[in-house]
Amino acid sequence: MGVIDIPMLSEPSNATAADILAGLTEPQREAAAHTEGPLLVLAGAGSGKTSVITRRAAYIAATVARPHEVLAITFTNKAAGEMRDRVEALGFGRSMTVCTFHSLCARLLRVYHNAVGLSQNFTIYDQDDSRAVIKRAIRSCEFDSSNWPVSKVQAQISHAKNDLLDPDAFEKNATHWHEEQLSRLYFAYQKILTKEQGLDFDDLLMKTALALQHDEELRARLEDRYRYVLIDEYQDTNEAQYRIAHLLTQKHGNLCATGDPDQSIYGWRGANIKNILRFEEDHEGAKVVRLEQNYRSTKRILSAASRLILANAHRKKKDLWTENPEGKKVRVVECENAEEEADFICAQLRQAMSGGRSANDLAIFYRLSSLSLALELALTRAGVPYQIARGQAFYGRREIKDLLAYIRVLINPADATSLRRIINTPTRGIGKTTVSKLETAAQRTGRSMLDVVMDPAELQALGRGGTRVAEFARLLQELKPYTDGPAADALRSVFDKSGLHASLRGQETVDEIPLENVDNLIAEAKKFDEAEPEGTLVNWLEQTALLGDADTIDEHAGRVTLMTLHASKGLEFPMVFIVGLEDELLPFRRDQDDWGDKEEERRLCFVGMTRTKEELTLTHTRWRMRRGRIQRNVRSPFIEELPAEEIEWLPEQTDGFSTAGSRHGRSAPSGQLPHDIEQWQVGTLVRHPRYDLGQVIAIRRGASRTHATIKFQSGDQQTFVLEFADLTRVDFDEVG
DNA sequence: CTACCGGATTTTTTT
DNA sequence: AATCCGGTAG
């Protein structure tokens with residue numbers, strides 16, 4: 001990361017203040033050596049920010065505080081791990097708290113669960129879990145599900161929580177009928193979560209923020225515990241995170257925020273770019289340091305990215321510069337469709353690798369994770385090893401969720417959602433009617449559903465279904481003791497004894513993939529058990545629940561890395577490909593009435609480009625399948641915003657024939673469709689704006705281009721690339 | 001209670 | 001295009 005590396009110490013003794021600051025530039029040193037009072041570091045892309053904040057944390061530990069008094073909040077768990085390692089390498093041990101907002105909150109709530117009325121073993125609900133609960137809430141309120149789409153309700157509740165509105169506050173704030181109705185759903189949703197001791201991602205933040213706000217004693221304790229607070233990627237904090245940051249630093253005032261408004265890309269999930277823009281107003285006398293020298297990218301890449309971001313109207317001016325070499329031009333490549341785009345990139349990757357590049361150096365970014373599919377296929381076919389950044393997606397797999405649901409039930413007896421999931425998985429003859437009988441019994445007696453399941457007296461009343469449930473109860477009893485042991489053992493035992501293993505193996509079409517996934521899960525758990533001998537199953541579950549997409553990548557894996565543009569934030573690669581630079585895809589637009597946030601989309605593109613150290617390629621296609629339909633594309637307006645002198649076009653733009661001749665004319669050709677091209681053959685009659693009528697006399701089809709030689713009426717003979725030449729097909733009877 | 005069939009719907013981005 | 005959900009038949 002960055003050019004500036006922390007000097008390695010020969011002995012484990014603490015680095016001195018001078019060691020820590022060695023080799024920093026003036027502004028970097030200014031930031032790293034600032035200890036008391038609020039500090040804002042406006043760090044441009046690639047300005048060595050990570051190194052600076054790590055050193056600042058170490059510097060504080062070396063001069064004014066003990067390591068455990070420092071709290072550093074990063075954007076991903078992976079970044080946290082790296083920072084922890086570096087601080088340790090400087091000789092300050094592992095007692096510094098370095099984590100993400102969500103894991104900090106989870107940890108605090110685990111410790112202070114009494115203060116917020118939670119069970120210590122609360123479960124963290126991921127998006128899918130939360131979605132399922134929302135569905136139940138909608139049903140319980142007897143709302144028409146067609147008027148209350150789950151994903152919309154979920155998003156709105158999420159926003160409410162990000163704004164620290166609990167159901168009561170939300171109801172009070174409601175101004176429209178719609179909001180009043182929504183508040184009923186919110187109440188119902190929260191009621192279920194509370195009953196099941198489940199917290200969704202937003203609850204982690206909201207509950208912590210509200211607890212800090214209302215519980216003076218708790219706040220006082222934590223303020224003194226964390227006397228120095230550093231928050232990275234401050235431009236992407238939401239209201240809840242902002243509040244937590246402020247509540248924690250009220251007394252000592254040692255809040256250090258680092259970030260870059262140009263890299264704010266999470267507005268859609270409640271991040272408020274104003275948090276960073278108004279830092280100076282919020283903190284009188286705050287010191288502000290700007291880091292504008294880029295150590296990462298070549299001049300050309302930096303110039304292209306800077307020009308792009310210049311198009312944003314609402315922006316704090318910033319001038320990035322670099323002393324790095326000029327480098328190669330940024331390539332813009334047009335492809336026919338996603339398959340050719342993928343093939344092209346594969347060929348480029350192979351070429352780069354045979355030219356001596358390590359696969360670790362290579363990355364492909366895309367706007368939508370669905371775009372990874374074509375790439376994966378091509379990479380597999382070409383035998384290029386790759387890894388994909390996806391955290392939650394893995395844990396969303398059915399077999400994984402099933403297995404985890406068992407663990408959850410064993411840990412948190414209130415978790416009826418998980419209980420419902422596993423009670424008949426694998427099928428053991430417990431159907432809907434039996435389950436609803438169990439539910440009624442639970443309601444009647446005011447106990448949890450699990451209590452009823454475990455109560456032989458209740459089961460007797462269920463008749464035949466009851467014996468099946470009794471067997472299930474025995475199973476849970478048998479599994480329970482494993483929750484005290486290592487996570488890997490618990491998983492293995494549950495998988496084998498629950499029948500999940502047998503059911504996956506028993507299918508006629510034995511699908512190896514689910515079994516592999518489970519093996520991987522258990523292997524991960526084993527790693528956890530080894531790395532953290534003190535860790536409990538609850539800890540492991542929490543860690544997996546909070547795992548982000550970017551956390552799963554390993555930069556030394558010897559593989560090409562694929563990820564979304566969002567996940568690429570904070571990373572860097574020597575050679576980068578960004579695919580799908582098409583209108584409505586890279587400035588993304590969901591549907592007709594969605595205008596999206598074009599500036600945020602532009603920042604997203606900027607983030608992707610500025611990940612690149614040496615070689616950047618942007619690709620777009622003429623055709624792409626979207627939601628099952630093939631769609632024609634217009635090149636992304638972002639491409640037009642790049643400085644022409646830094647761009648190399650592929651295929652070259654100099655056909656010399658096209659009347660429009662402009663880049664725009666190309667991006668939205670009005671001529672024949674490429675579909676049509678498939679049907680062109682020797683003998684096809686065509687018309688060209690300059691040569692007029694002609695006939696195809698030879699045709700050669702390549703991977704992404706079709707070359708055709710045309711003999712014209714005038715006697716001229718020319719070879720064209722059909723995809724780009726302004727040729728139209730002419731019907732025989734049109735020829736007069 | 002399970003299995004199967006057909007219509008509807010989808011995630012944009014993530015902790 | 002692929003998956004998921006709900007309804008119905010066995």
Side-chain angles (χ1 to χ4, degrees), chain A residues 73-80 99-106 124-132 135 139 145-146 149-152 154-155 158 161-162 199-206 208 233 236-238 240-241 264-271 338 365-374 389-393 395-396 398 423-424 426-436 464-465 468 542-552 563-569 580 584-591 594 596-597 600-601 603-605 607-608 624-630:
Chain A
I73 296 177
T74 56
F75 200 70
T76 64
N77 295 295
K78 184 160 172 285
C99 57
T100 66
F101 263 111
H102 285 85
S103 48
L104 171 72
C105 292
I124 297 170
Y125 280 19
D126 68 22
Q127 201 115 10
D128 287 343
D129 302 322
S130 143
R131 193 187 160 82
K135 270 189 202 161
R139 224 171 301 148
S145 61
S146 61
V150 186
S151 54
K152 286 244 172 68
Q154 191 176 23
S158 171
K161 289 184 175 180
N162 288 160
L199 298 197
D200 63 25
F201 290 134
D202 305 313
D203 280 334
L204 294 172
L205 303 176
M206 180 174 78
T208 304
E233 307 287 6
D236 278 321
T237 51
N238 62 30
Q241 294 166 327
S264 164
I265 55 176
Y266 284 97
W268 51 273
R269 68 169 200 202
F365 305 152
Y366 35 80
R367 176 65 237 259
L368 268 48
S369 40
S370 59
L371 297 185
S372 74
L373 188 64
R390 50 178 157 213
Q392 294 290 309
Y395 292 93
R398 232 193 54 227
I423 197 164
N424 198 31
T427 50
R428 48 172 71 89
I430 304 174
K432 242 186 274 174
T433 24
T434 310
V435 172
S436 58
R464 236 201 6 244
R468 301 268 165 93
E542 178 173 303
Q543 188 190 288
T544 62
L546 296 178
L547 204 74
D549 284 352
D551 297 331
T552 64
M563 66 177 94
T564 62
L565 285 162
H566 282 89
S568 76
K569 186 163 82 161
E584 308 204 341
L585 181 57
L586 190 36
F588 186 79
R589 197 167 146 212
R590 190 196 175 86
D591 50 52
D594 164 39
D597 182 343
E600 183 159 308
E601 294 293 314
R603 290 194 292 268
L604 188 55
C605 188
V607 166
R624 195 183 291 278
M625 185 106 97
R626 211 165 144 179
R627 251 203 229 112
R629 290 259 154 269
I630 295 174

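Every heavy atom of this structure was used, including side-chain atoms; hydrogens, water molecules and symmetry mates were not. Residue numbers begin at 1 in each chain, while the letters A, B, ... track the order of the sequences.
- For the pair A/Arg629 and A/Arg139, nearest-nucleotide mapping onto DNA chain C gives the more 5' position to A/Arg629.
- Applying the salt bridge (Lys or Arg N to Asp or Glu O under 4.0 Å) rule to A/Asp549 yields no partners; only residues at least two apart in sequence or on another chain are considered.
- At B/dT15, none of the side-chain N or O atoms of A/Thr76 fall inside 4.0 Å of OP1 or OP2 (strictly under the cut-off).
- The shortest heavy-atom contact between A/Asp200 and A/Ser130 is CB-CB, 4.4 Å.
- Counting non-hydrogen atoms under 4.0 angstrom, A/Thr434 reaches the backbone sugars and phosphates but no base.
- Remark: A/His102 pairs with no residue by the side chain to side chain donor-acceptor pair (under 3.5 Å) rule, at least two apart or across chains.
- Between A/Ile423 and A/Thr434 the shortest side-chain heavy-atom distance does not fall below 4.5 Å.
- Proximity note for A/Arg590 (side chain, C-beta onward) versus C/dA1, B/dT12, B/dT15: the nearest is B/dT12.
- If you check every strand for non-hydrogen atoms under 4.0 Å, A/Gln127 touches a base.
- When the nucleotides B/dT12, B/dT15, B/dT14 are ranked by their closest atom to the side chain of A/Tyr266, B/dT14 comes out on top.
- Contacts of A/Asp126 classified as salt bridge (Lys or Arg N to Asp or Glu O under 4.0 Å), with partners at least two apart in sequence or in another chain: A/Lys401.
- In this structure A/Asp236 satisfies the side chain to side chain donor-acceptor pair (under 3.5 Å) test together with A/Lys569, sequence neighbours excluded.
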Between the protein and nucleotides 3-6 of chain B, list the N/O to N/O atom pairs that are separated by less than 3.5 angstrom.
none

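- Going from atom CG of A/Asp128 over to atom P of C/dC5 covers 10 Å, rounded to whole Å.
- Nucleic acid contact for A/Ser369: sugar-phosphate only, since backbone atoms but no base atoms lie under 4.0 Å from a heavy atom of the residue.
- With the nearest nucleotide of DNA chain B identified for both A/Asp549 and A/Arg468, A/Arg468 has the one nearer the 5' end.
- Using a 4.5 Å heavy-atom cutoff, the side chains of A/Arg468 and A/Asn424 are not in contact.
- For A/Arg627, no side-chain nitrogen or oxygen approaches OP1 or OP2 of B/dT10 to under 4.0 Å.
- Atom CD in A/Gln154 sits about 18 Å away from atom P in B/dT9, given to the nearest Å.
- A straight line from CG of A/Leu546 to P of B/dT14 spans 16 Å, rounded to a whole angstrom.
- Residues satisfying the ring pair (Phe, Tyr, Trp, His ring centres under 6.0 Å) criterion with A/Tyr125, sequence neighbours excluded, are absent altogether.
- Nucleic acid contact for A/Phe101: none, since no nucleic acid atom lies under 4.0 Å from a heavy atom of the residue.
- Between A/Glu600 atom CD and B/dT14 atom P there is a gap of 13 Å when expressed in whole angstrom units.
- Spacing between atom CZ of A/Arg390 and atom P of B/dT12 amounts to 17 Å, rounded to whole angstrom units.
- Relative to the side chain of A/Arg367, the nucleotides B/dT12, C/dA1, B/dT14 differ in distance, and B/dT12 lies closest.
- One interatomic measurement links the two molecules: CG of A/Leu565 to P of B/dT14, which rounds to 10 Å at whole-angstrom precision.
- Atom CD of A/Glu233 and atom C1' of B/dT15 are 14 Å apart (whole Å).
- Note on A/Asn424: only backbone sugar-phosphate atoms sit closer than 4.0 angstrom, heavy atoms only; bases stay farther off.
- Within the 4.0 angstrom heavy-atom criterion, only backbone atoms of the sugar-phosphate kind lie near A/Lys135; the bases stay farther away.
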